[in-house]
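So the structure is just underneath, and the comments pick up after that.
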Amino acid sequence: VSAAASGGGGGDNTSGVSGSGGVGGSATSVSAATASNASSAVTSANATGGAGGYGYGTGFSGGAGGSATGDTATATSGSGTAAASVNENGGGGGYGYSGAKGGAGAAETISNAVTGSTTGTLQLTENATGGAGGGSATATAGSGGAASATLGSSGTPYNNTGASTLDVSLAAQGGSG
């Protein structure tokens, strides 16, 4: 089972009309899979925030990228493999024309978004990627979005005693500026 969501792009300003670009839309995806006995349950939730719109003119900027937030994935199997993954990608900042600055890329934070249950192999994956900052023809480029992925917490690490094998993968990559 795979679910995907994408935010819409922010509005653009056209040549000759000064103003900042619109903010990209947000996106949320939720996915769940259940299998019985030794069958596998594999699910992923994928979301990408929309890109910021173009900005035009001194004192303005490209729009900020939209965020992917609140995504979850749950996989449940009796004794087969249960695999759940969440992938969030921040929207890129909008480009700045004629003195406008580039927009900021969206930050992405995934925390405890994957869950699963099986007596077999449990695979949990979280991938977070911050959006790239928007460029500019003649002003400052936008900053890239930060990214983080966590499962458990520093005070309470993730624990699963029901699965025979536990495979966890966490990845985070900030956006370019």
Quiz prompt | For A149 against A171, the heavy-atom pair lying closest together | solution = CB-O, 3.7 Å
Quiz item: So, the side chain of T118 versus the backbone of T121: is there a donor-acceptor pair under 3.5 Å, distance only?
Solution: no
Quiz item: In Å and rounded to the nearest 0.5 Å, what is the OG to CG distance from S85 to N46?
Solution: 6.0 Å
Quiz prompt | Shortest non-hydrogen contact between E108 and G90, atoms and distance | solution = OE2-CA, 3.2 Å
Quiz item: What's the shortest heavy-atom distance between Q173 and A147, and which atoms?
Solution: O-CB, 3.4 Å
Self-check item: S98 and T138, any side-chain heavy atoms less than 4.5 Å apart
Solution: no
Quiz prompt | Side-chain H-bond candidate by donor/acceptor type, T125 with S169, under 3.5 Å | solution = no
Quiz item: Pick from S79, S77, S164: which one makes a side-chain contact (heavy atoms from CB on, under 4.5 Å) with T119?
Solution: S79
Self-check item: Shortest non-hydrogen contact between G135 and A141, atoms and distance
Solution: CA-CB, 4.3 Å
Quiz item: With a 4.5 Å heavy-atom cut-off, do T81 and Q123 have their side chains touching?
Solution: yes
Quiz prompt | S44 and S2: CA distance, side-chain angles, deciding distance, side-chain hydrogen bond (donor to acceptor under 3.5 Å, both in side chains) verdict | solution = CA-CA 5 Å; S44 65; S2 181; 3.2 Å; yes
Exercise. Among Ile, Leu, Val, Met, Phe, Trp and Tyr joined by side-chain contacts under 4.5 Å, find the other residues sharing a cluster with I110 and list them by chain and number.
Key: V86, V114, L122, L124, L151, Y158, L166, V168, L170
Exercise. Looking only at non-hydrogen atoms, find the nearest pair between A128 and S148 and report the distance.
Key: CB-O, 3.5 Å
Quiz item: Are the side chain of E126 and the backbone of A113 linked by a donor-acceptor contact shorter than 3.5 Å?
Solution: yes
Quiz item: Is the centre of the Y56 ring less than 6.0 Å from the centre of the Y54 ring?
Solution: no
Self-check item: A100 to S136 - nearest heavy-atom pair and separation
Solution: O-OG, 2.7 Å
Quiz item: So, N13 side chain and G55 main chain: donor-acceptor pair closer than 3.5 Å or not?
Solution: no
Would you tabulate the side-chain donor-acceptor contacts of residues 57-76 under 3.5 Å, counting partners in other chains and residues two or more places apart, or write 'none'?
| residue | atom | partner | partner atom | Å |
| --- | --- | --- | --- | --- |
| D71 | OD1 | S29 | N | 2.4 |
| T74 | OG1 | T115 | OG1 | 2.9 |

Quiz item: Between N160 (side chain) and G162 (backbone), is there a donor-acceptor pair under 3.5 Å?
Solution: yes
